[in-house]
Asker: 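Mind having a look at this structure? Questions to follow.
Just follow the structure's listing: the first ligand is 1, and inside any ligand the first atom is 1.
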Amino acid sequence: MAGGGSARGHWLQWAVRLVLIAWAVRAQDTNLTCSDFQTSGIFQDNQLQVQFLLFTFQNRNCGQVIDWGNAESIGDSPFNSTRDTKILIHGFRALGTKPSWIDDMVDALLGATDANVVAVDWVSGSTAKYNQAVENIPRLSGEVAELIKHLLELGVTEESLHLIGISLGAHAAGLVGQMFGGRIGHITGLDPAGYKFKKAPPEERLDPGDAMFVEAIHTDTDSFGISIPVGHVDYFINGGRDQPGCPSVRHLYGFVICDHMRSVSMYISAVRGICSFTGFPCPTYKEFLGGQCVSCAGSSHASCPRIAREDILANPRTQIISQEAQVFLMTTAKEPFCAHHMLLVFSLPEPRDSTLTIEIELKSETSSSKTKISIAGGHLEGRAVLAHSAPLCEIQMAVLRYPGSILSFWRGKTEIRGTFCVSEMPLGDRAERRCLPQTVMLSGNSRHSYNLQTAGRPGGHSDPWEEN
Ligand SMILES: *[C@@H]1O[C@H](CO)[C@@H](O)[C@H](O)[C@H]1NC(C)=O
Ligand SMILES: *[C@@H]1O[C@H](CO)[C@@H](O)[C@H](O)[C@H]1NC(C)=O
């Protein structure tokens, strides 16, 4: 922090300290002892040891150990059986450290709802050897199930339980759900682990039978994550393989884990209510990018599921899932990763004999995004889907370029004419849509900029538009 920011920084630090002191005093009032995650060493004896840390409104920053073997530990805690219960299960811990996202996730959940948030700490048992961690999953699940049995005896209902499992933790959540015959309300798998699970039968991994509603967010299916659908709804983010903003260097752990952890960061963005992430049902990501799956009201798909604060907190879930859906969506490269999807359509007055490509960039005040539209030979129209951090009403410019091809230069066809429209997805009666009011002519490999703010809505009056 530099210059004028530091005075404010100090002030903020003091404010934070005061709040912490207030919490500590409060915690003392009710005789809470704050506990944190265990840590383990790579070379230490790595026996499974499970610890449950409870966080509520009353002890947001002060984890309290609850133990199903010791009824008083729950009875004396701020656990409230009439409220929803969220159980967080982490995954493999290569270095034996506390998961860095736990505090953020607890804070986000308690910022959104007054629930019982239980963080399952199995750092000891998840460290050093991946295979050993995998072998510990059934016992870990057994311990979580014991805790839940105890909570049910206290009057907690099965549908008020929501398990959120990351990587290996997602499969542990699945096994727990299976032990309760799929009657648990909700399981969220954040990039469920792939290695050792992709070929496993459903009873050994997360699957739709494990809860009333099972969803999975896939962000690293070509490395740590599982590539097959495992829930009622499976979100494949940016296709599920590689995430924008993550380095493609594959040999450093911190870099490699970036795609995998994106599922967690996105989920936290949604819990905090910064934005919601709508998934579009589609057979493949390629078809999604090609603008083949743009609406949420088609006959084959009743609606588009979304990762949204209201749905994360709704228990039991209001969204009824009639069939299992594989859905796609894009994000931006930067936190909070929220994006608006735009359908871009370029139409020719008459078909050409070979495929042509047009480069398109959309610019708002704060960001720009680019893609290409291909129009196949013999076709009149090309489509593409683009993600942008701003909604269509804030997009100022569309920049179009037709790079041509050797063949087109040879034939002397270095320009194309056509019409161009951008629509915000999902398409529907109320969807925002902008079309350039006249036929555009792209020529000579140069960039043509059009003002989308003044471009008319189709059917409405056409404002003049400028080209520079
Ligand atoms: C906290 O613990 C102390 C000593 O163990 C006890 O005297 C006191 O009554 C307790 N306070 C509450 C609010 O339970
Ligand atoms: C438990 O939660 C319910 C519902 O929010 C609330 O009415 C009740 O007062 C809470 N009980 C305690 C002991 O805090």
Side-chain angles (χ1 to χ4, degrees), residues 18-37 50-89 102-121 143-165 173 176-177 180 183-188 211-213 215 267-274 276 307-320:
L18 282 176
V19 169
L20 287 180
I21 289 166
W23 275 119
V25 168
R26 214 156 151 201
Q28 255 177 8
D29 274 356
T30 49
N31 278 356
L32 297 184
T33 316
C34 300
S35 298
D36 205 348
F37 271 58
V50 183
Q51 172 178 266
F52 299 108
L53 293 173
L54 170 71
F55 299 86
T56 69
F57 258 21
Q58 285 173 54
N59 61 320
R60 264 173 99 152
N61 302 303
C62 171
Q64 210 196 356
V65 175
I66 53 173
D67 175 4
W68 51 266
N70 169 6
E72 280 176 12
S73 73
I74 303 178
D76 292 346
S77 80
F79 188 91
N80 183 330
S81 59
T82 61
R83 295 197 173 130
D84 289 344
T85 302
K86 311 265 174 196
I87 301 180
L88 308 176
I89 311 177
I102 284 278
D103 291 346
D104 259 5
M105 182 73 88
V106 168
D107 183 67
L109 287 168
L110 289 175
T113 178
D114 189 357
N116 307 297
V117 177
V118 178
V120 179
D121 165 9
E143 296 250 356
V144 177
E146 285 295 340
L147 174 73
I148 292 177
K149 258 194 238 166
H150 197 90
L151 299 183
L152 295 179
E153 282 165 17
L154 293 177
V156 168
T157 61
E158 287 172 321
E159 59 270 26
S160 71
L161 292 163
H162 179 189
L163 312 189
I164 302 170
V176 173
F180 291 92
R183 292 182 305 271
I184 279 176
H186 187 179
I187 294 179
T188 302
M212 286 157 68
F213 179 70
E215 67 189 338
Y267 198 70
I268 290 175
S269 288
V271 175
R272 288 198 190 281
I274 298 169
S276 61
I307 309 164
R309 185 183 219 184
E310 310 86 275
D311 296 331
I312 292 165
L313 303 180
N315 245 340
R317 281 191 57 110
T318 46
Q319 213 167 339
I320 305 294

Asker: Using heavy atoms and a cut-off under 4.0 Å, could you grab the residues that are in contact with ligand 2, chain by chain, numbers ascending?
Answerer: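 For ligand 2, the residues that come within the 4.0 Å heavy-atom cutoff are N80, T82, R83.
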Asker: Return the set of residues passing side chain to side chain contact (heavy atoms under 4.5 Å, CB included) with E158 (not counting sequence neighbours), or none when no residue passes.
Answerer: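 Listed in chain order: L152, F180, R183.
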Asker: Do F52 and D121 make a side-chain contact, defined as non-hydrogen atoms from C-beta onward lying under 4.5 Å apart?
Answerer: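 Side-chain contact under 4.5 Å: no.
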Asker: Parallel, tilted or perpendicular for H186 and H162, by the 30°/60° rule?
Answerer: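 H186 vs H162 ring planes: parallel.
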Asker: Test side chain to side chain contact (heavy atoms under 4.5 Å, CB included) on D107 and R60 and set out the steps.
Answerer: CA-CA 7 Å; D107 183 67; R60 264 173 99 152; 3.6 Å; yes
Asker: Taking the side chain as C-beta and beyond, is there a heavy-atom pair between L109 and L88 under 4.5 Å?
Answerer: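 In contact.
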Asker: Just by modelled atom types, is the L313 backbone N or O under 3.5 Å from a matching donor or acceptor in the T113 side chain?
Answerer: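 No, because the side chain of T113 does not come within donor-acceptor range (under 3.5 Å) of the backbone of L313.
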